[in-house]
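The structure appears right after this line, and notes come after that.
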Amino acid sequence: MLTNLSSEMLLFLLKDFIGTEHYYKHPVKTDLLITDGVKFFFEQTDSFWLFNLIAEEYFQLLSSYNFLLFNIYGSSSDDGEISRIQLTDGNGQIIAFQVINFQKLLPKGVWNFYLTNNVLMLPSEY
């Protein structure tokens with residue numbers, strides 16, 4: 001359900017998500033859950049690929065870290081759209097960094113997500 005919201009409007013709407021009423025399972029890694037706010041973000045940005053990427057490449061890091069902070073940077077470049085993912089332990093220690101080039105990526109801006117207790121959530125939902 002991509003609505004072509006501006007980055008500013010999407011950020012504004014995401015701030016309304018506090019807590020969650022429902023949890024949604026990853027289709028393969030069913031112990032990985034997302035909240036209402038994260039599901040809304042994925043729907044609005046057509047970015048369920050990010051859910052899959054986190055499930056496949058980063059979810060297993062919870063066995064070594066209790067808390068993970070994803071800083072995901074959406075931007076445009078001369079070569080097309082890119083996103084950068086920086087993963088930290090929440091205390092500034094960088095655990096991973098990845099650059100992704102795709103046809104359809106995230107809106108410009110910095111999009112933050114927390115992963116703890118097998119739940120991927122927005123900071124306002126923590």
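Counting begins at 1 with the first residue of the sequence.
For the pair Gln60 (side chain) and Glu57 (backbone), a donor-acceptor distance under 3.5 Å is present. Within the 3.5 Å criterion, the main-chain N or O of Leu50 finds no donor-acceptor partner in the side chain of Ser47. Using modelled atom types, one side-chain atom of Ser7 and one backbone atom of Lys108 make a donor-acceptor pair closer than 3.5 Å. Using modelled atom types, one side-chain atom of Thr20 and one backbone atom of Asp36 make a donor-acceptor pair closer than 3.5 Å.
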Report the C-alpha separation of Ile34 and Val119 in whole Å, then their side-chain angles, then the decisive distance to 0.1 Å, and conclude whether the side chain to side chain contact (heavy atoms under 4.5 Å, CB included) test is met.
CA-CA 6 Å; Ile34 60 172; Val119 178; over 6 Å; no
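Phe12 CZ: 12 or fewer foreign heavy atoms inside a 6.0 Å radius. For Ile18, the CD1 atom is loosely surrounded, since the number of other residues' heavy atoms within 6.0 Å does not exceed 12.
The shortest distance between side-chain heavy atoms of Arg84 and Ile100 does not fall below 4.5 Å. Contact of the Tyr73 side chain with the Asn71 side chain is registered, since non-hydrogen atoms from C-beta on lie closer than 4.5 Å. Side-chain contact between Leu120 and Phe59 is absent, with no heavy-atom pair separated by less than 4.5 Å. Under the 4.5 Å side-chain criterion, counting only non-hydrogen atoms from C-beta, Leu53 is in contact with Ile85. Residues Gln93 and Asn91 fail the side-chain proximity criterion, which asks for heavy atoms closer than 4.5 Å. When side chains are defined from C-beta on, Leu87 does not count as touching Leu69, because their heavy atoms never get closer than 4.5 Å. Within the 4.5 Å cutoff, no side-chain heavy atoms of Lys39 are placed close to those of His22.
One finds the CG atom of Asp89 at 11.0 Å from the CG atom of Leu61 (value rounded to the nearest 0.5 Å). With rounding to the nearest 0.5 Å, the separation of CG in Leu115 from CE in Met121 is 7.5 Å.
Under the 4.5 Å side-chain heavy-atom criterion for grouping Ile, Leu, Val, Met, Phe, Trp and Tyr, Ile72 is connected to Leu62 within one hydrophobic cluster. Linking Ile, Leu, Val, Met, Phe, Trp and Tyr residues whenever their side-chain heavy atoms come within less than 4.5 Å places Leu122 and Phe48 in a single cluster. Linking Ile, Leu, Val, Met, Phe, Trp and Tyr residues whenever their side-chain heavy atoms come within less than 4.5 Å leaves Leu13 and Val110 in two separate clusters. Both Val38 and Leu5 belong to a single network of hydrophobic side chains, linked directly or stepwise wherever heavy atoms of I, L, V, M, F, W or Y lie under 4.5 Å apart.
Neither side chain, His26 nor Asp31, offers a donor N or O lying under 3.5 Å from an acceptor on the other.
Sorted by first and then second residue, the pairs that involve residues 112-126 and meet side chain to side chain donor-acceptor pair (under 3.5 Å), not counting sequence neighbours, are Thr35-Glu125.
Of the candidates Thr88, Ile95, Ile54, Ile95 is the only one forming a side chain to side chain contact (heavy atoms under 4.5 Å, CB included) with Leu68. Residue Phe42 forms a ring-ring contact (aromatic ring centres under 6.0 Å, His included) with just one option from Trp49, Tyr24, Phe51, and that option is Phe51.
By the 30° and 60° cut-offs, the orientation of the rings of Phe17 relative to Phe40 is tilted.
The ring-ring contact (aromatic ring centres under 6.0 Å, His included) test applied to Phe113 returns Phe41, not counting sequence neighbours.
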